[in-house]
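Quick notes on the structure that follows.
Order of appearance sets the numbers: ligands from 1, and atoms from 1 within every ligand.
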Amino acid sequence: MKESKLLIVGQKNELFTLLTRQFEGEFDYMWLDPTHLRSELKNVDPALVLLLHEPGKDLETHAYLQQELNGTPVVFVHESHDFQLFRDLVRAGAIDYFVIPEDLNGLENQLAIMLARLEKSPEKEKQLSFKRGSGQVFAFYSGKGGSGKTLLSTAFAQTLKFESTAQVLYIDLNLQFGGGESYLGVETTRNILDLEPVIKEMTEQHLRNVTEKEPLSKMELLISPCDAELAEYITEDFVTRLLRVCRRAYDFIIVDLPVNMDERTYTALVEADRIYYTTLMDTPSIRVFKHTEELFQKLGIPTADRLELVLNEVGRENELSKKDIERFIEYPVAAEIRRDIKGIQTAINKGETLRKLPKEKKLTPAAKDMRKWVVSMLK
Ligand SMILES: Nc1ncnc2c1ncn2[C@@H]1O[C@H](COP(=O)(O)OP(=O)(O)OP(=O)(O)O)[C@@H](O)[C@H]1O
Ligand SMILES: [Mg+2]
């Protein structure tokens, strides 16, 4: 009988049952109990390993698999989001992780792709091609100025940091004028350009030497040089390399973009896992959205399953309702953030951020909407 390529390492618990039921008729698999790895691993030669979460054991089991199987890709499966653990595993060499049951279909698809590729290249050399950093890049964009990109992206990043254990980095790619640092009340001497001399061999350490910390949430930031001339040193290649290293070092990378579509903005939009398009609820904004959509198509920036709308300054006095917007624009609405002049103006005037603490009770309307969005995104 042909030996199956997939090895599941884990206890025969609920997670195991769920997965194997899903795999029935789809993939053959071998199975090993992690407590017997040392005696039994030498009898198998899998192309791909699926490691199931076991409290307190994952890193150790993973390290053993890496050592014994010599570069065989390991995919990790867990019942909940444990960013610290995911990060540690990816750093140790795991190529991907999935949260089950919510990612069950994603896992199945990914396994099918990987197994098909490995079939073609049994020498395991393909491993690198699907190795990904674990971090997700969310780009905030709008074709219209003043629609809340900077306010919402900073608040999103800060809220995400407060509401989870994830490592969060905010990058301000408004290279000429900046802006993120003032919403976050961060004074800084370092900026993104300090990475320029090392960009070709940039490591996580270089990156962390240049980031600043937002004092309340401890979220990290890469600040804009706020200088049009200096900004010219930041190229398309710079942005690509930067985001690649960021994905290894952080769980979420929130990128604030300017309206103008130069090659840096373009690169960030192409690299992003998700584009949050911020818009106000009026006809001019819809018109700009339509132009932007056309431009994205011309430039080859994919939008299907990536672009989501963020309705900003939602309120009764708006020209258009959510229903109207949905009639004109077919992309999903990720969030609705209320118009919150009092909360936001007070914060800006006092040089304060929208959030101050984790588990904060008294939140202004915009901060509440933001929390709702972030929590739903995490699920
Ligand atoms: N939900 C809201 N309620 C009240 N005011 C808001 C809201 N969202 C944004 N604003 C205000 O709108 C203004 C513009 O916001 P912001 O700077 O985030 O826009 P932007 O899209 O980044 O602009 P630019 O294109 O210039 O970068 C700010 O003064 C901000 O305080
Ligand atoms: Mg802005």
Side-chain angles (χ1 to χ4, degrees), residues 138-160 170-186 188 191-192 214 219 221-228 231 234 253-262 264-266 268-269 272 275-282 284-289 291-292 295 307-322 325 333-355 363-374:
F138 295 166
F140 279 67
Y141 184 74
S142 176
K144 204 164 190 315
S147 55
K149 295 180 292 299
T150 305
L151 180 87
L152 298 185
S153 58
T154 48
F156 182 95
Q158 194 203 23
T159 304
L160 181 52
Y170 173 84
I171 307 181
D172 190 347
L173 280 187
N174 296 274
L175 300 170
Q176 296 195 7
F177 304 117
E181 74 292 346
S182 60
Y183 283 110
L184 290 166
V186 173
T188 158
N191 73 62
I192 227 172
E214 189 271 307
M219 151 188 113
L221 301 85
L222 268 182
I223 311 269
S224 157
C226 298
D227 184 316
I234 295 178
I253 301 106
I254 312 301
V255 185
D256 184 23
L257 293 169
V259 168
N260 75 317
M261 181 65 76
D262 62 13
R264 285 86 52 110
T265 306
Y266 166 83
L269 286 168
I275 300 171
Y276 286 131
Y277 186 99
T278 61
T279 182
L280 304 183
M281 300 169 80
D282 52 26
S285 301
I286 301 278
R287 213 166 33 236
V288 173
F289 179 82
H291 287 308
T292 308
L295 179 65
L307 190 144
E308 294 182 12
L309 292 181
V310 178
L311 306 182
N312 191 21
E313 301 202 30
V314 176
R316 243 174 279 146
E317 49 293 309
N318 287 336
E319 183 200 337
L320 301 176
S321 67
K322 183 183 176 195
I325 305 250
V333 173
E336 296 170 65
I337 310 292
R338 276 170 284 180
R339 178 176 294 116
D340 182 5
I341 304 205
K342 197 163 149 243
I344 289 173
Q345 277 317 325
T346 314
I348 292 178
N349 292 343
K350 286 197 197 156
E352 288 177 350
T353 47
L354 274 198
R355 289 289 300 267
L363 290 178
T364 73
K368 250 188 221 154
D369 295 341
M370 184 55 79
R371 180 167 66 188
K372 190 170 149 206
W373 174 17
V374 167

Q. Relative to the heavy atoms of Ile348, which atoms of ligand 1 are at a distance of less than 4.0 Å?
A. 31 (O)

Q) Of the choices Asp340, Ile337, Leu311, Val259, which has the non-hydrogen atom that lies closest to atom 3 (N) of ligand 1? A) Asp340

**Q.** N/O separation below 3.5 Å, Ile341 to ligand 1
**A.** no

Q | Backbone or side-chain N or O of Asn174 under 3.5 Å from ligand 1 N or O | A | no

Q | Per-atom contacts of ligand 1 with Arg338, taking only distances under 4.0 Å to non-hydrogen atoms | A | 1 (N), 2 (C), 3 (N)

Q: Give yes or no for whether the N/O distance cutoff of 3.5 Å, strictly under, is met between Leu151 and ligand 1.
A: yes

Q. Of all the atoms in Asn174, is at least one N, O or S atom closer to the Mg ion (ligand 2) than 2.8 Å?
A. no

Q: Give yes if a backbone or side-chain nitrogen or oxygen of Arg339 is under 3.5 Å from a nitrogen or oxygen of ligand 1, and no if not.
A: no

Q) Who gets closest to atom 1 (N) of ligand 1 by heavy atom: Asp256, Val314, Asn312? A) Asn312

Q.
When you compare ligand 1 with Thr150, is there at least one nitrogen or oxygen pair between them that comes in under 3.5 angstrom?
A. yes

Q: Can you sort out the partners of Asp340 under salt bridge (charged side-chain N to carboxylate O under 4.0 Å, His left out), two or more places apart, ordered by chain and number?
A: none

Q: Enumerate the atoms of ligand 1 whose separation from the nearest heavy atom of Gly145 is less than 4.0 angstrom.
A: 25 (O)

Q) Looking at residues at least two apart in the chain, or sitting in another chain, which of them share a side-chain hydrogen bond (donor to acceptor under 3.5 Å, both in side chains) with Ser321? A) Asp324

Q: Under 4.0 Å from a heavy atom of Tyr183: give me the atoms of ligand 1 that qualify, with their elements.
A: 15 (O), 16 (P), 17 (O), 18 (O), 28 (C), 30 (C)

Q) Applying a strict 4.0 Å limit to heavy atoms, is Gly179 in contact with ligand 1? A) no

